[in-house]
There are 2 protein chains.
Amino acid sequence: MQQPISMRTIERLSRYRRVLTDPSRQGVSYIFSHTLAALVQVTPSQVRRDIMGLGCAGNPTRGYRVEELLAAIATVVDDDQPQPVILVGIGKLGSALLNFFRGHRPNLQVVAAFDNNPEKVNRIYQGVRCYTLEDLPRIVAAERVSAAILAVPATAAQEAANQVVFAGVCGILNFAPAPLFLPAHVHVESIDLTTALEKVLFHTRHHALSSVVLNPR
Amino acid sequence: MQQPISMRTIERLSRYRRVLTDPSRQGVSYIFSHTLAALVQVTPSQVRRDIMGLGCAGNPTRGYRVEELLAAIATVVDDDQPQPVILVGIGKLGSALLNFFRGHRPNLQVVAAFDNNPEKVNRIYQGVRCYTLEDLPRIVAAERVSAAILAVPATAAQEAANQVVFAGVCGILNFAPAPLFLPAHVHVESIDLTTALEKVLFHTRHHALSSVVLNPR
DNA sequence: GGGTGTGAAGCCGTTCACAGCA
DNA sequence: TGCTGTGAACGGCTTCACACCC
């Protein structure tokens, strides 16, 4: 009866959590589906559906208890303990990401960085030490790392991914604009910056042509 | 009869183009749907569907002519001229993105950067000058900019978006982890880094629990 | 035989619509 | 009255299956 939660729902749960924990909303202890819906820009039905999957009950007069929602979301997407993550590639993008993820979510912690450039090895970047790729297996094992952020050039991506997976990682957030070929048990989430920008340009272009003939979403 | 092209298809077209223009594939002039499919990791039917929408004919014995495909893709997603884009926010992430988009696609050009920090104004970052936000309307008009990349902190995102839209931009690639409330004619594409990483962690976690009970994709 | 082009079927996520309830 | 919880309808995207062609 507890039916599987779709990936789309996970994404939204993450966003619900973000707005629910927004400091400006401090002190609000109950929220209606339509309020939350407006905040993340989805439909109220969508919110209720998602929450249904959480097995979390609301109340017709007050809505959902925020604290309860947050706890339920954490149960689904988080672990109880901080999740150790590694970063591979400390170029401009890599260090920007390091900076971004630092303190963004409390239990999502970058525990080590890796780079092939000898000048970078052993230096500390925003409190995170940089190692050679040779240290991967050791550190992945020691810190029980299961996910890696890949911020290397496209040409180095496949090789880096191989090494990371070999070291025991089974989840990758990939920023290199290249498809990765990896064993089926590895989950790859690619952030395709070029494609994203091209999508925006496609839209503006069609807006300019004032012939917006395409289905939304 | 030429039916509208879905957003999903646009994304894939962008990826098809990437692998088709890969230097290592130089000299290959024909390609089969299954070959291209393997390269971008989709099904052959998917590739054929997408190409069908392009109105581009293939040949049973040789496949599709690469040059023809590229031309057709360009017609749909690109413009003939380089597309001017602006960047708002030259922090770590902003300059990493500037670096990334520089020379990644030829006709996709960052023409100006903007930041509120007076120390950054008038400096040149990777060949791109930084301006105050007050210069937005002028430059957007002069350069005929229609899209903006937003790389500012979450707290500043809405305000920056307002200004950018006021200046005449109608497409935004947003990196701030905050929803943007804007007029309907503006297209916002959000890159949600936190959510993306949480998705990966969700997967690894469920892989670890060896109870991967969810539908793929 | 092996590929393309495409109608038809299937699948999944979203939205509707309404019963139940405070 | 107005919101939650949810079966049922809907719609879009993907995959199937097969006619057609080199």
Side-chain angles (χ1 to χ4, degrees), chain A residues 1-16 20 28-69 72-73 76 195 199 202 212-217, chain B residues 1-16 20 28-66 68-69 72 76 195 199 202 212-217:
Chain A
M1 90 133 284
Q2 177 73 310
Q3 86 177 29
I5 297 175
S6 86
M7 216 47 199
R8 294 304 247 296
T9 298
I10 298 292
E11 284 176 38
R12 282 187 301 267
L13 290 178
S14 167
R15 285 156 54 200
Y16 297 157
L20 290 174
V28 178
S29 50
Y30 282 86
I31 193 165
F32 290 118
S33 64
H34 62 84
T35 314
L36 184 50
L39 289 169
V40 302
Q41 306 185 60
V42 298
T43 62
S45 331
Q46 186 77 85
V47 170
R48 294 205 298 278
R49 259 297 157 213
D50 290 336
I51 291 177
M52 187 173 59
L54 249 46
C56 193
N59 166 320
T61 38
R62 263 171 297 183
Y64 302 90
R65 199 155 71 78
V66 172
E67 213 171 311
E68 191 182 337
L69 279 184
I73 293 174
V76 175
T195 298
K199 255 163 89 177
F202 172 82
V212 188
V213 201
L214 45 86
N215 29 18
R217 175 178 356 238
Chain B
M1 95 130 281
Q2 177 74 306
Q3 88 176 26
I5 297 175
S6 87
M7 217 47 200
R8 294 305 247 295
T9 298
I10 298 292
E11 282 176 39
R12 282 187 301 267
L13 290 179
S14 167
R15 285 157 56 203
Y16 297 156
L20 289 175
V28 178
S29 50
Y30 282 86
I31 193 166
F32 290 118
S33 64
H34 62 85
T35 313
L36 184 49
L39 288 169
V40 303
Q41 306 186 58
V42 298
T43 62
S45 330
Q46 186 77 86
V47 170
R48 293 204 300 277
R49 251 311 147 208
D50 291 335
I51 291 177
M52 186 173 59
L54 248 46
C56 194
N59 166 321
T61 37
R62 265 170 294 183
Y64 302 90
R65 201 155 70 79
V66 172
E68 191 183 337
L69 279 184
V76 174
T195 297
K199 256 162 89 176
F202 172 81
V212 189
V213 199
L214 46 86
N215 29 18
R217 176 177 355 239

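Per chain, numbering begins at 1; letters A, B, ... match sequence-line order. Since the model is a prediction, treat every value here as computed from it, not as a measurement.
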Quiz prompt | Within 6.0 angstrom of Glu67(A) CD, more than 12 heavy atoms from elsewhere | solution = no
Exercise. With heavy atoms under 4.0 Å as the rule, sort Arg49(A) into base, sugar-phosphate or nothing.
Key: base
Quiz item: For the side chain of Arg8(A) and the base of dG13(C), is some donor closer than 3.5 Å to an acceptor across the two?
Solution: no
Quiz item: Rounded to whole angstrom units, what separation is found between the CD atom of Glu68(A) and the C1' atom of dT4(D)?
Solution: 13 Å
Exercise. Give one of base, sugar-phosphate or nothing for Thr61(B), where a contact means two heavy atoms less than 4.0 Å apart.
Key: base
Exercise. Could you state the atom-to-atom distance from CZ of Arg48(A) to P of dT15(C) in whole Å?
Key: 12 Å
Exercise. Find the distance Asp50(B):CG to dC13(D):P and express it as a whole number of Å.
Key: 11 Å
Quiz item: Taking OP1 and OP2 of dT14(C), is either one under 4.0 Å from a side-chain nitrogen or oxygen of Arg12(A)?
Solution: yes
Exercise. Please step through side-chain contact (heavy atoms from CB on, under 4.5 Å) for the pair Phe202(B) and Val76(A), ending with a clear verdict.
Key: CA-CA 8 Å; Phe202(B) 172 81; Val76(A) 175; 3.9 Å; yes
Quiz prompt | Glu11(B) CD to dG12(D) P, straight-line distance once rounded to whole Å | solution = 17 Å
Quiz item: To the nearest Å, how far apart are His34(B) NE2 and dT4(C) C1'?
Solution: 11 Å
Quiz item: Rounding to a whole Å, what distance do you find between Ile51(A):CD1 and dT6(D):P?
Solution: 12 Å
Practice problem: Ignoring backbone atoms, test whether Gln46(B) places a side-chain nitrogen or oxygen under 4.0 Å from the OP1 or OP2 oxygen of dC13(D). | Solution: no
Exercise. Report yes if the side chains of Val28(A) and Thr35(A) come closer than 4.5 Å at any heavy-atom pair, otherwise no.
Key: no
Self-check item: Spacing of Leu54(A) atom CG relative to dG5(D) atom P, expressed in whole Å
Solution: 11 Å
Quiz item: Is the phosphate of dC3(D), meaning OP1 or OP2, less than 4.0 Å from a side-chain N or O of Tyr30(A)?
Solution: no
Exercise. Show your working on side-chain contact (heavy atoms from CB on, under 4.5 Å) between Tyr16(A) and Leu69(A) and close with a plain yes or no.
Key: CA-CA 9 Å; Tyr16(A) 297 157; Leu69(A) 279 184; over 6 Å; no
Quiz prompt | Which nucleotide in dT4(C), dT4(D), dG3(C) has an atom nearest any side-chain atom of Tyr64(B) | solution = dT4(C)
Exercise. Determine the contact category for Thr9(B): base if any of its heavy atoms lies under 4.0 Å from a base atom, sugar-phosphate if only primed atoms, P, OP1 or OP2 are that close, otherwise nothing.
Key: nothing
Self-check item: Side-chain touch Tyr30(B)/Thr61(B), heavy atoms, less than 4.5 angstrom
Solution: no
Quiz item: Where each residue is assigned the nucleotide of DNA chain C containing its nearest heavy atom, which of Val42(A) and Arg62(A) is assigned the position nearer the 5′ end?
Solution: Val42(A)
Exercise. Please report, rounded to the nearest Å, how far the P atom of dC13(D) is from the CE atom of Met7(A).
Key: 20 Å
Quiz item: Closer than 4.0 Å, any side-chain N/O of Thr43(A) to the OP1 or OP2 of dT15(C)?
Solution: yes
Quiz item: Closer than 4.0 Å, any side-chain N/O of Ser33(A) to the OP1 or OP2 of dT4(D)?
Solution: yes
